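In what follows, a structure is listed as C-alpha coordinates, so that the remarks can point back to it.
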Amino acid sequence: MGKVIGILSLKGGVGKTTSVVSLGAALASFGKKVLLVDANFSAPNLGIHLNIIEPDKTIHHVLNDEIDVQDAIYDYEGFGVIPASIYPKKQFDPLKLKDRVRKLKHKYDFILIDSSPALNSETLATIMASDELFVVSTPDVSTLTMTIKAIALAKKRGTPITGLILNKVYGKNFELSLEDIEKTSDVPVLAFIPHDVRVLESQSHFIPSTYFKPNSDVSVEYKKLAACLSGEEYKPFRMKDIFQRMSPEKQEINRELFYRSIFVK
Ligand SMILES: Nc1ncnc2c1ncn2[C@@H]1O[C@H](COP(=O)(O)OP(=O)(O)O)[C@@H](O)[C@H]1O
Ligand SMILES: [Mg+2]
(Lines give C-alpha, C1' and ligand atoms only; values in the text may rest on other atoms or scores of the structure.)
(Ligands and ions follow the chains in the order given, each with its own letter.)
Protein backbone atom coordinates (compact mmCIF):
# COMPACT_ATOMS: atom_id res chain seq x y z
CA MET A 1 0.00 0.00 0.00
CA GLY A 2 1.45 3.34 -1.04
CA LYS A 3 2.06 6.36 1.11
CA VAL A 4 0.32 9.67 0.39
CA ILE A 5 2.58 12.62 1.18
CA GLY A 6 1.25 16.17 1.01
CA ILE A 7 3.69 19.01 0.34
CA LEU A 8 2.40 22.02 2.21
CA SER A 9 3.03 25.72 2.78
CA LEU A 10 0.66 28.64 3.24
CA LYS A 11 2.84 30.88 1.11
CA GLY A 12 3.32 30.80 -2.65
CA GLY A 13 6.70 30.74 -4.33
CA VAL A 14 8.58 28.81 -1.64
CA GLY A 15 9.08 25.67 -3.73
CA LYS A 16 6.14 23.30 -3.18
CA THR A 17 5.69 22.40 -6.84
CA THR A 18 9.45 22.25 -7.39
CA SER A 19 9.78 19.90 -4.40
CA VAL A 20 6.92 17.67 -5.59
CA VAL A 21 8.52 17.35 -9.04
CA SER A 22 12.12 16.96 -7.83
CA LEU A 23 11.34 14.55 -5.00
CA GLY A 24 8.92 12.60 -7.20
CA ALA A 25 11.52 12.22 -9.95
CA ALA A 26 14.15 11.24 -7.36
CA LEU A 27 11.87 8.53 -5.92
CA ALA A 28 11.16 7.31 -9.45
CA SER A 29 14.90 7.13 -10.16
CA PHE A 30 15.15 4.62 -7.27
CA GLY A 31 12.60 2.44 -9.08
CA LYS A 32 9.61 3.49 -6.96
CA LYS A 33 6.14 3.77 -8.44
CA VAL A 34 5.27 7.44 -8.10
CA LEU A 35 2.22 9.59 -8.81
CA LEU A 36 2.15 13.39 -8.52
CA VAL A 37 -1.20 15.11 -8.00
CA ASP A 38 -1.92 18.81 -8.47
CA ALA A 39 -4.15 19.97 -5.63
CA ASN A 40 -3.47 23.67 -6.11
CA PHE A 41 -6.94 23.91 -7.63
CA SER A 42 -7.09 27.71 -8.06
CA ALA A 43 -3.61 28.35 -9.40
CA PRO A 44 -2.28 25.01 -10.67
CA ASN A 45 1.12 24.64 -12.28
CA LEU A 46 2.34 21.09 -11.68
CA GLY A 47 1.37 20.14 -15.25
CA ILE A 48 3.19 23.16 -16.67
CA HIS A 49 6.39 22.14 -14.85
CA LEU A 50 6.19 18.86 -16.80
CA ASN A 51 5.08 20.18 -20.18
CA ILE A 52 1.50 18.96 -19.75
CA ILE A 53 -0.17 22.07 -21.11
CA GLU A 54 -3.97 22.40 -21.29
CA PRO A 55 -4.74 18.77 -20.33
CA ASP A 56 -8.27 17.73 -21.23
CA LYS A 57 -8.66 15.35 -18.26
CA THR A 58 -7.74 16.75 -14.87
CA ILE A 59 -8.23 16.48 -11.14
CA HIS A 60 -11.10 18.95 -11.55
CA HIS A 61 -12.98 16.47 -13.76
CA VAL A 62 -12.29 13.79 -11.15
CA LEU A 63 -13.61 15.93 -8.31
CA ASN A 64 -16.81 16.86 -10.13
CA ASP A 65 -17.44 13.18 -10.96
CA GLU A 66 -17.07 13.55 -14.75
CA ILE A 67 -14.29 10.95 -15.03
CA ASP A 68 -12.68 8.15 -13.06
CA VAL A 69 -9.45 9.12 -11.27
CA GLN A 70 -7.59 6.42 -13.22
CA ASP A 71 -8.35 8.24 -16.49
CA ALA A 72 -6.74 11.51 -15.35
CA ILE A 73 -3.24 10.02 -15.05
CA TYR A 74 -0.64 11.22 -17.58
CA ASP A 75 2.69 9.46 -18.03
CA TYR A 76 5.84 11.46 -17.57
CA GLU A 77 9.30 9.81 -17.77
CA GLY A 78 9.20 7.31 -14.93
CA PHE A 79 6.14 8.53 -13.04
CA GLY A 80 2.47 9.45 -13.32
CA VAL A 81 0.92 12.92 -13.05
CA ILE A 82 -2.63 14.11 -12.44
CA PRO A 83 -2.68 17.75 -13.55
CA ALA A 84 -5.36 20.37 -12.83
CA SER A 85 -7.36 22.69 -15.09
CA ILE A 86 -6.27 26.30 -15.20
CA TYR A 87 -9.83 27.32 -16.13
CA PRO A 88 -12.15 24.69 -14.62
CA LYS A 89 -15.61 24.81 -16.19
CA LYS A 90 -17.73 23.21 -13.46
CA GLN A 91 -18.09 23.30 -9.71
CA PHE A 92 -16.01 20.70 -7.88
CA ASP A 93 -15.61 19.48 -4.31
CA PRO A 94 -11.95 19.67 -3.13
CA LEU A 95 -12.74 17.44 -0.15
CA LYS A 96 -13.40 14.46 -2.45
CA LEU A 97 -9.62 14.36 -3.01
CA LYS A 98 -9.03 11.94 -0.10
CA ASP A 99 -11.44 9.35 -1.46
CA ARG A 100 -10.20 9.62 -5.06
CA VAL A 101 -6.52 9.37 -4.09
CA ARG A 102 -7.25 6.43 -1.78
CA LYS A 103 -8.44 4.46 -4.82
CA LEU A 104 -4.92 4.67 -6.29
CA LYS A 105 -2.89 3.82 -3.20
CA HIS A 106 -2.53 0.13 -4.05
CA LYS A 107 -0.92 1.01 -7.40
CA TYR A 108 1.84 3.32 -6.17
CA ASP A 109 4.65 3.38 -3.61
CA PHE A 110 4.33 7.14 -3.22
CA ILE A 111 1.63 9.64 -4.12
CA LEU A 112 2.84 13.23 -3.70
CA ILE A 113 0.23 15.99 -3.48
CA ASP A 114 1.11 19.55 -4.49
CA SER A 115 -0.91 21.76 -2.16
CA SER A 116 -2.50 25.13 -2.60
CA PRO A 117 -1.14 27.92 -0.37
CA ALA A 118 -4.67 29.25 0.26
CA LEU A 119 -6.08 29.02 3.77
CA ASN A 120 -9.34 27.36 2.69
CA SER A 121 -10.80 24.00 1.69
CA GLU A 122 -8.10 23.57 -1.00
CA THR A 123 -5.30 23.26 1.55
CA LEU A 124 -7.56 21.30 3.84
CA ALA A 125 -8.11 18.81 0.99
CA THR A 126 -4.36 18.06 0.91
CA ILE A 127 -4.11 17.81 4.69
CA MET A 128 -7.05 15.39 4.83
CA ALA A 129 -5.95 13.29 1.84
CA SER A 130 -2.38 12.81 3.10
CA ASP A 131 -0.99 10.11 5.38
CA GLU A 132 1.79 12.50 6.26
CA LEU A 133 3.00 15.96 5.32
CA PHE A 134 6.16 17.84 4.51
CA VAL A 135 6.16 21.58 5.05
CA VAL A 136 8.27 23.72 2.73
CA SER A 137 9.83 26.91 4.02
CA THR A 138 12.48 29.41 3.08
CA PRO A 139 14.84 30.74 5.78
CA ASP A 140 13.15 34.10 6.47
CA VAL A 141 10.85 35.29 9.23
CA SER A 142 7.77 36.00 7.10
CA THR A 143 7.80 32.55 5.49
CA LEU A 144 8.59 30.79 8.77
CA THR A 145 5.59 32.54 10.36
CA MET A 146 3.32 31.06 7.70
CA THR A 147 5.08 27.69 8.02
CA ILE A 148 4.25 27.62 11.72
CA LYS A 149 0.64 28.44 10.89
CA ALA A 150 0.56 25.56 8.38
CA ILE A 151 2.02 23.19 10.99
CA ALA A 152 -0.64 24.23 13.52
CA LEU A 153 -3.38 23.67 10.94
CA ALA A 154 -2.10 20.18 10.09
CA LYS A 155 -1.74 19.25 13.77
CA LYS A 156 -5.31 20.39 14.45
CA ARG A 157 -6.49 18.00 11.73
CA GLY A 158 -4.34 15.19 13.08
CA THR A 159 -2.14 14.64 10.00
CA PRO A 160 1.46 13.96 11.09
CA ILE A 161 4.24 16.19 9.80
CA THR A 162 7.28 14.15 8.83
CA GLY A 163 9.69 16.97 8.18
CA LEU A 164 10.52 20.37 6.83
CA ILE A 165 12.11 21.03 3.44
CA LEU A 166 14.19 24.17 3.83
CA ASN A 167 14.45 25.63 0.34
CA LYS A 168 16.19 28.48 -1.47
CA VAL A 169 18.99 28.82 1.06
CA TYR A 170 21.56 31.43 -0.04
CA GLY A 171 23.87 30.70 2.90
CA LYS A 172 23.89 34.34 4.03
CA ASN A 173 24.32 35.47 7.64
CA PHE A 174 21.01 37.35 7.65
CA GLU A 175 19.05 34.15 6.95
CA LEU A 176 17.47 32.12 9.75
CA SER A 177 19.63 29.15 10.66
CA LEU A 178 18.48 25.55 10.39
CA GLU A 179 18.70 25.30 14.20
CA ASP A 180 16.48 28.40 14.69
CA ILE A 181 13.94 26.99 12.26
CA GLU A 182 13.83 23.59 13.97
CA LYS A 183 13.57 25.17 17.41
CA THR A 184 10.72 27.48 16.38
CA SER A 185 8.77 24.98 14.29
CA ASP A 186 9.52 21.84 16.33
CA VAL A 187 9.79 19.91 13.03
CA PRO A 188 13.05 18.28 11.87
CA VAL A 189 14.63 19.69 8.72
CA LEU A 190 14.97 16.65 6.42
CA ALA A 191 16.25 18.52 3.36
CA PHE A 192 18.41 21.62 3.08
CA ILE A 193 18.13 22.89 -0.49
CA PRO A 194 20.34 25.72 -1.73
CA HIS A 195 19.08 28.46 -4.01
CA ASP A 196 20.31 27.49 -7.46
CA VAL A 197 19.44 29.26 -10.69
CA ARG A 198 19.65 25.90 -12.51
CA VAL A 199 16.34 24.98 -10.86
CA LEU A 200 14.77 27.77 -12.91
CA GLU A 201 16.72 26.61 -15.96
CA SER A 202 15.41 23.04 -15.59
CA GLN A 203 11.86 24.40 -15.43
CA SER A 204 12.38 26.38 -18.64
CA HIS A 205 13.05 22.98 -20.28
CA PHE A 206 10.07 21.33 -18.45
CA ILE A 207 12.44 18.80 -16.87
CA PRO A 208 12.62 17.91 -13.13
CA SER A 209 15.79 19.44 -11.69
CA THR A 210 16.83 16.00 -10.40
CA TYR A 211 16.88 14.72 -14.01
CA PHE A 212 18.31 17.92 -15.54
CA LYS A 213 21.37 18.34 -13.26
CA PRO A 214 21.56 15.03 -11.39
CA ASN A 215 24.80 15.87 -9.56
CA SER A 216 23.96 19.40 -8.42
CA ASP A 217 23.65 20.05 -4.68
CA VAL A 218 19.90 20.57 -5.12
CA SER A 219 19.44 17.22 -6.88
CA VAL A 220 21.68 15.28 -4.50
CA GLU A 221 19.75 16.67 -1.53
CA TYR A 222 16.37 15.65 -3.04
CA LYS A 223 17.81 12.20 -3.80
CA LYS A 224 19.06 11.84 -0.21
CA LEU A 225 15.55 12.70 1.00
CA ALA A 226 14.04 10.24 -1.48
CA ALA A 227 16.47 7.53 -0.31
CA CYS A 228 15.61 8.08 3.33
CA LEU A 229 11.86 7.96 2.59
CA SER A 230 12.08 4.80 0.54
CA GLY A 231 14.71 2.85 2.47
CA GLU A 232 17.30 2.98 -0.33
CA GLU A 233 21.07 3.23 0.06
CA TYR A 234 22.29 6.39 -1.65
CA LYS A 235 25.89 7.43 -1.20
CA PRO A 236 26.98 9.95 -3.83
CA PHE A 237 30.71 10.00 -4.46
CA ARG A 238 31.47 13.66 -4.98
CA MET A 239 34.42 14.84 -2.87
CA LYS A 240 32.17 17.03 -0.70
CA ASP A 241 29.85 14.08 0.03
CA ILE A 242 32.78 12.05 1.32
CA PHE A 243 33.78 14.94 3.65
CA GLN A 244 30.16 15.41 4.70
CA ARG A 245 29.91 11.77 5.74
CA MET A 246 32.89 12.30 8.07
CA SER A 247 31.21 15.32 9.67
CA PRO A 248 27.48 15.12 8.96
CA GLU A 249 25.24 18.21 8.94
CA LYS A 250 22.09 18.37 11.06
CA GLN A 251 19.78 17.42 8.15
CA GLU A 252 21.93 14.31 7.51
CA ILE A 253 21.57 13.27 11.13
CA ASN A 254 17.80 13.89 10.97
CA ARG A 255 17.52 11.74 7.85
CA GLU A 256 19.55 8.95 9.44
CA LEU A 257 17.29 9.02 12.52
CA PHE A 258 14.18 8.94 10.34
CA TYR A 259 15.57 6.09 8.20
CA ARG A 260 16.42 4.03 11.30
CA SER A 261 13.03 4.66 12.89
CA ILE A 262 11.28 3.23 9.82
CA PHE A 263 13.63 0.72 8.18
CA VAL A 264 15.98 -0.63 10.89
CA LYS A 265 14.39 -3.00 13.36
N1 LIG B 1 16.11 25.76 -4.80
C2 LIG B 1 15.71 26.68 -5.67
N3 LIG B 1 16.61 27.52 -6.24
C4 LIG B 1 16.22 28.46 -7.11
N5 LIG B 1 14.95 28.66 -7.51
C6 LIG B 1 14.02 27.86 -6.96
C7 LIG B 1 14.34 26.83 -6.03
N8 LIG B 1 13.18 26.21 -5.69
C9 LIG B 1 12.18 26.81 -6.38
N10 LIG B 1 12.69 27.81 -7.14
C11 LIG B 1 11.94 28.72 -8.02
O12 LIG B 1 11.02 29.47 -7.23
C13 LIG B 1 9.81 29.67 -7.95
C14 LIG B 1 8.64 29.18 -7.10
O15 LIG B 1 8.75 27.79 -6.95
P16 LIG B 1 7.45 26.85 -6.90
O17 LIG B 1 7.92 25.47 -6.74
O18 LIG B 1 6.56 27.17 -8.05
O19 LIG B 1 6.79 27.38 -5.54
P20 LIG B 1 5.32 27.10 -4.94
O21 LIG B 1 4.80 25.86 -5.57
O22 LIG B 1 5.53 26.97 -3.46
O23 LIG B 1 4.50 28.31 -5.29
C24 LIG B 1 9.94 28.94 -9.27
O25 LIG B 1 10.29 29.86 -10.26
C26 LIG B 1 11.08 27.97 -9.02
O27 LIG B 1 11.83 27.75 -10.19
MG1 LIG C 1 3.06 25.64 -6.76
Side-chain angles (χ1 to χ4, degrees), residues 4-24 35-50 52 58-60 62-63 81-88 92-98 100-101 111-169 175-176 181 184-187 189-193 195 199-200 203 208-209 218 222 225:
V4 183
I5 302 179
I7 308 290
L8 187 69
S9 93
L10 290 177
K11 196 163 184 288
V14 297
K16 288 182 293 301
T17 307
T18 303
S19 293
V20 166
V21 169
S22 306
L23 179 61
L35 176 69
L36 312 184
V37 181
D38 198 343
N40 187 350
F41 305 117
S42 302
N45 52 29
L46 177 64
I48 295 169
H49 275 238
L50 298 166
I52 304 169
T58 71
I59 192 71
H60 287 93
V62 174
L63 298 178
V81 185
I82 301 187
S85 305
I86 294 173
Y87 301 107
F92 63 97
D93 179 1
L95 297 179
K96 285 184 179 166
L97 184 68
K98 181 185 172 88
R100 301 305 184 267
V101 163
I111 299 178
L112 304 186
I113 305 182
D114 186 13
S115 171
S116 157
L119 189 53
N120 59 21
S121 59
E122 296 203 16
T123 298
L124 201 56
T126 294
I127 293 176
M128 308 283 276
S130 301
D131 297 319
E132 56 188 84
L133 295 161
F134 271 89
V135 282
V136 184
S137 190
T138 49
D140 56 274
V141 173
S142 54
T143 306
L144 184 62
T145 308
M146 297 315 285
T147 304
I148 287 162
K149 191 166 174 168
I151 292 166
L153 186 67
K155 280 191 177 157
K156 201 167 148 194
R157 293 287 165 173
T159 310
I161 300 157
T162 303
L164 192 149
I165 296 172
L166 187 57
N167 190 30
K168 296 194 190 181
V169 180
E175 291 177 321
L176 296 174
I181 288 169
T184 317
S185 66
D186 201 22
V187 174
V189 172
L190 287 188
F192 185 89
I193 316 278
H195 186 279
V199 173
L200 293 147
Q203 281 162 19
S209 59
V218 168
Y222 277 116
L225 177 60

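Values in this document were obtained by computation on a predicted structure and should not be read as measured data. Residue numbers count from 1 along this sequence.
Judged as a side chain to side chain donor-acceptor pair (under 3.5 Å), the pairs with a partner in residues 117-135 (not counting sequence neighbours) are, in order, Lys3-Glu132, Ser42-Glu122, Lys105-Asp131, Ser116-Glu122, Glu132-Thr162.
No side-chain heavy atom of Leu124 sits under 4.5 Å from any side-chain heavy atom of Pro94. Residues Asn40 and Pro117 form a side-chain contact, since some pair of their non-hydrogen atoms from C-beta on lies under 4.5 Å apart. Contact check for Leu35 versus Ile82: side-chain heavy atoms found under the 4.5 Å cut-off. Looking at heavy atoms from C-beta onward, Ile7 lies in side-chain contact with Ile5 at the 4.5 angstrom threshold. The closest side-chain heavy-atom distance from Leu46 to Thr17 is below 4.5 Å. Side-chain atoms of Ile113 and Leu97, non-hydrogen and from C-beta on, do get closer than 4.5 Å to each other.
Listed by chain and residue number, Ser137 satisfy the side chain to side chain donor-acceptor pair (under 3.5 Å) test with Thr147 (two or more places apart in sequence, or in another chain). The ring pair (Phe, Tyr, Trp, His ring centres under 6.0 Å) check on Phe41 picks up His60, Phe92, with sequence neighbours excluded. Applying the side chain to side chain contact (heavy atoms under 4.5 Å, CB included) rule to Leu200 yields the partners Val197; only residues at least two apart in sequence or on another chain are considered. Residues passing the side chain to side chain contact (heavy atoms under 4.5 Å, CB included) test with Asn167 are Val136, Ile193, Tyr222, sequence neighbours excluded. Partners of Asp38 by side chain to side chain donor-acceptor pair (under 3.5 Å), not counting sequence neighbours: none found. Not counting sequence neighbours, Lys168 has no partner by the salt bridge (charged side-chain N to carboxylate O under 4.0 Å, His left out) test. For Gln203, the side chain to side chain contact (heavy atoms under 4.5 Å, CB included) partners two or more places apart in sequence, or in a different chain, are Thr18, His49, Val199. By the side chain to side chain contact (heavy atoms under 4.5 Å, CB included) test, Thr145 is found to be paired with Val141, residues two or more places apart in sequence or in another chain being considered. In terms of the side chain to side chain donor-acceptor pair (under 3.5 Å) criterion, Ser185 has no residue partners (sequence neighbours excluded). Scanning for side chain to side chain donor-acceptor pair (under 3.5 Å) contacts around Thr138 gives Asp140, Thr143, with sequence neighbours left out.
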List the atom pairs, donor and acceptor, that lie under 3.5 Å between side-chain atoms in residues 151-161 and the rest of the protein, sequence neighbours left out.
unit_1	atom_1	unit_2	atom_2	d
Thr159	OG1	Ile127	O	2.9

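Between Ile148 and the choices Val187, Leu10, Thr184, the side-chain contact (heavy atoms from CB on, under 4.5 Å) rule is met once, by Thr184.
Taking every heavy atom of both residues into account, Gly24 and Leu36 meet most closely at CA-CD2, 3.9 Å. For the residue pair Leu164 and Phe134, the shortest heavy atom distance occurs at N-CD2, 4.3 Å. What you find for Ile59 and Ala84 is that their closest heavy atoms are CG2-CB, 3.6 Å. Annotation for Thr58 and Ser85: closest pair OG1-OG, 2.7 Å, computed over non-hydrogen atoms.
From Leu63, atom CG reaches atom CG of Asp93 across 7.5 Å, with rounding to the nearest 0.5 Å. Note that CG of Asn45 and NZ of Lys16 are 9.0 Å apart. Values are rounded to the nearest 0.5 Å.
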